[in-house]
Amino acid sequence: MRNLRILITTALMIALSSLGVSTASAADPVATNCAGASRAQIPAARAIAAPVTVWLAGDSTMANPSSGRCPVGWGSQFDALFNSDVTVRNQAVGGRSIQTWLYEGNVSSTKGTDGECRLTSTTYSSRWQAMLNSSTGMKAGDYLFIQFGINDSSSTCPRHVGPARYRQLMTMMAQAALARGAHPVLLTPVAAITCSGGTATKNRGFVNETFAAGSATRAPVIDLQTLSVSLYNSLRFCPNNGDYGGSGPLGTFFCNDHTHFDTYGAQRVAGLVAGDVRRQNLPLAAYLT
């Protein structure tokens, strides 16, 4: 029987060949479709693998640690959440408002008639100039994460920033990124730990202004204040005895205050940001590990 099948198959192949029909013709459409699909997938794969720089602008809750164990900004832990195609450039600086970060050394200690701190010069800080540099700064496909709103709430200059001014400066930064083909991502300020009985509560300003800047530029907004408060409640940080510097849950998460993070806390907050990048389905999520 096996020999009979071989004879029949051979006869059919000879007959088909005499008619000029390839014996692989039935499989050719499938092969062609598979090859076409593979070719279509190659550009997509290359697009995902294109190197991306994530630029960070913010204050101490985002900044790299300067020395010792505390404080550790969440931005210093962000790079570890991405694959090797992403480079994180953390330009956050402790103690800065959005205005003093942008105009380092050029914000005076006196307010003008509009209630805002006077600028002695409109020259940008070296860090912002570096980001704007056409050769080495933000490029098409990069990301700019902006998080201020903590030092800005000061009533005195040079750190004070009013709501309208805050919205104006955040909008300007987002527009500068867009003009270079980069993607701005705006963040509400991460919460400190404050309790109302057994519940962690929100305690930051400039939330509406951040969302307004996002609406004006169509930039995504990560509500880090809400996310962080939800995390604090899930970890049952309230009520507490204020032992931020100890070895308990608060001491592991925070430095010896209610605002800044130890390494573990910074890692958890960085995870919140990455999680919302994924939840909002931002293209940057393709690089998360």
Side-chain angles (χ1 to χ4, degrees), residues 56 58-65 69-82 90 92 94 97-98 145-154 163 166 170 185-215 219-282 284-285 288-289:
L56 305 182
D59 54 36
S60 58
T61 60
M62 180 192 267
N64 292 330
R69 165 182 154 187
C70 279
V72 179
W74 67 261
S76 68
Q77 307 300 307
F78 206 39
D79 183 73
L81 303 177
F82 294 95
N90 191 357
S97 65
I98 192 170
F145 282 65
I146 309 169
Q147 183 223 284
F148 292 96
I150 296 177
N151 300 301
D152 315 67
S153 62
S154 173
Y166 187 91
M170 183 167 275
V185 179
L186 314 183
L187 296 91
T188 61
V190 63
I193 178 66
T194 55
C195 300
S196 176
T199 304
T201 57
K202 295 180 179 179
N203 43 56
R204 298 302 188 197
F206 302 101
V207 172
N208 292 338
E209 290 71 24
T210 302
F211 277 99
S215 296
V221 175
I222 294 177
D223 190 359
L224 190 52
Q225 176 172 220
T226 297
L227 291 172
S228 56
V229 168
S230 295
L231 176 63
Y232 303 161
N233 280 317
S234 72
L235 296 174
R236 299 183 178 180
F237 281 166
C238 296
N240 63 73
N241 61 4
D243 183 21
Y244 303 111
S247 58
L250 285 178
T252 302
F253 200 99
F254 292 98
C255 302
N256 59 349
D257 58 21
H258 64 288
T259 300
H260 298 102
F261 308 118
D262 205 331
T263 301
Y264 172 71
Q267 290 170 343
R268 293 299 302 266
V269 174
L272 293 178
V273 177
D276 215 51
V277 167
R278 199 185 299 277
R279 183 190 67 81
Q280 295 195 43
N281 199 30
L282 303 185
L284 184 62
L288 289 168
T289 56

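Contact detail for Phe78 and Phe82: the closest heavy-atom pair is O-CD1, 3.2 Å. Residues His260 and Asp257 approach most closely at ND1-OD2, 2.7 Å, considering heavy atoms. The minimum heavy-atom distance linking Cys195 with Pro239 is given by the pair SG-CA, 4.5 Å. The shortest non-hydrogen separation linking Ala63 to Ala92 is CB-O, 3.5 Å. The minimum heavy-atom distance between Thr201 and Val229, with the atom names listed, is O-CG2, 3.8 Å.
Although no hydrogens or angles enter the test, the distance criterion places a donor-acceptor pair under 3.5 Å between the side chain of Gln225 and the main chain of Asn203. A donor-acceptor pair under 3.5 Å is absent between the side-chain atoms of Asn233 and the main chain of Thr199, judged by distance alone. Thr61 places no side-chain N or O within donor-acceptor distance of the main-chain N or O of Gly73, the cut-off being under 3.5 Å. A donor-acceptor pair is defined here as one N or O able to donate and one able to accept, closer than 3.5 Å; no such pair exists between the side chain of Asp223 and the backbone of Thr188. Side-chain atoms of Arg204 do not come within 3.5 Å of backbone N or O of Ile150 as any donor-acceptor pair. Not a single donor-acceptor pair under 3.5 Å links the side chain of Asp262 to the backbone N or O of Tyr264.
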(request) Check step by step if side chain to side chain contact (heavy atoms under 4.5 Å, CB included) holds for Cys238 and Ile193. (result) CA-CA 8 Å; Cys238 296; Ile193 178 66; 3.8 Å; yes
(message) Run Gln280 and Ile222 through side chain to side chain contact (heavy atoms under 4.5 Å, CB included) and show every step you take.
(response) CA-CA 9 Å; Gln280 295 195 43; Ile222 294 177; 3.8 Å; yes
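Residue Leu288 holds its CG atom at 4.5 Å from CZ of Arg278, rounded to the nearest 0.5 Å. Going from atom CG of Leu224 over to atom CG of Asp276 covers 9.0 Å, rounded to the nearest 0.5 Å. Here Ile98 contributes atom CD1 and Ile146 contributes atom CD1; the two are 6.5 Å apart, rounded to the nearest 0.5 Å.
Residues Thr194 and Tyr232 form no side-chain contact, since every pair of their non-hydrogen atoms from C-beta on lies 4.5 Å or further apart. For the pair Phe237/Pro249, a side-chain contact is recorded, criterion being any heavy-atom separation below 4.5 Å from C-beta on. Between Val277 and Phe145, some side-chain heavy-atom pair lies under the 4.5 Å cut-off. Side-chain contact check for Leu187 versus Trp74: some heavy-atom pair is nearer than 4.5 Å. Annotation: side chain of Leu235 is in contact with side chain of Arg268 (closest heavy-atom distance under 4.5 Å). Side-chain contact check for Ser234 versus Leu231: some heavy-atom pair is nearer than 4.5 Å.
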Return a table of donor-acceptor pairs under 3.5 angstrom between the side chains of residues 205-215 and protein atoms on other chains or two or more places apart.
unit_1 : atom_1 : unit_2 : atom_2 : d
Thr210 : OG1    : Phe206 : O      : 2.7
Ser215 : OG     : Phe211 : O      : 3.1

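Ring pair Phe254/Phe261 is tilted by interplanar angle, where 30° to 60° counts as tilted.
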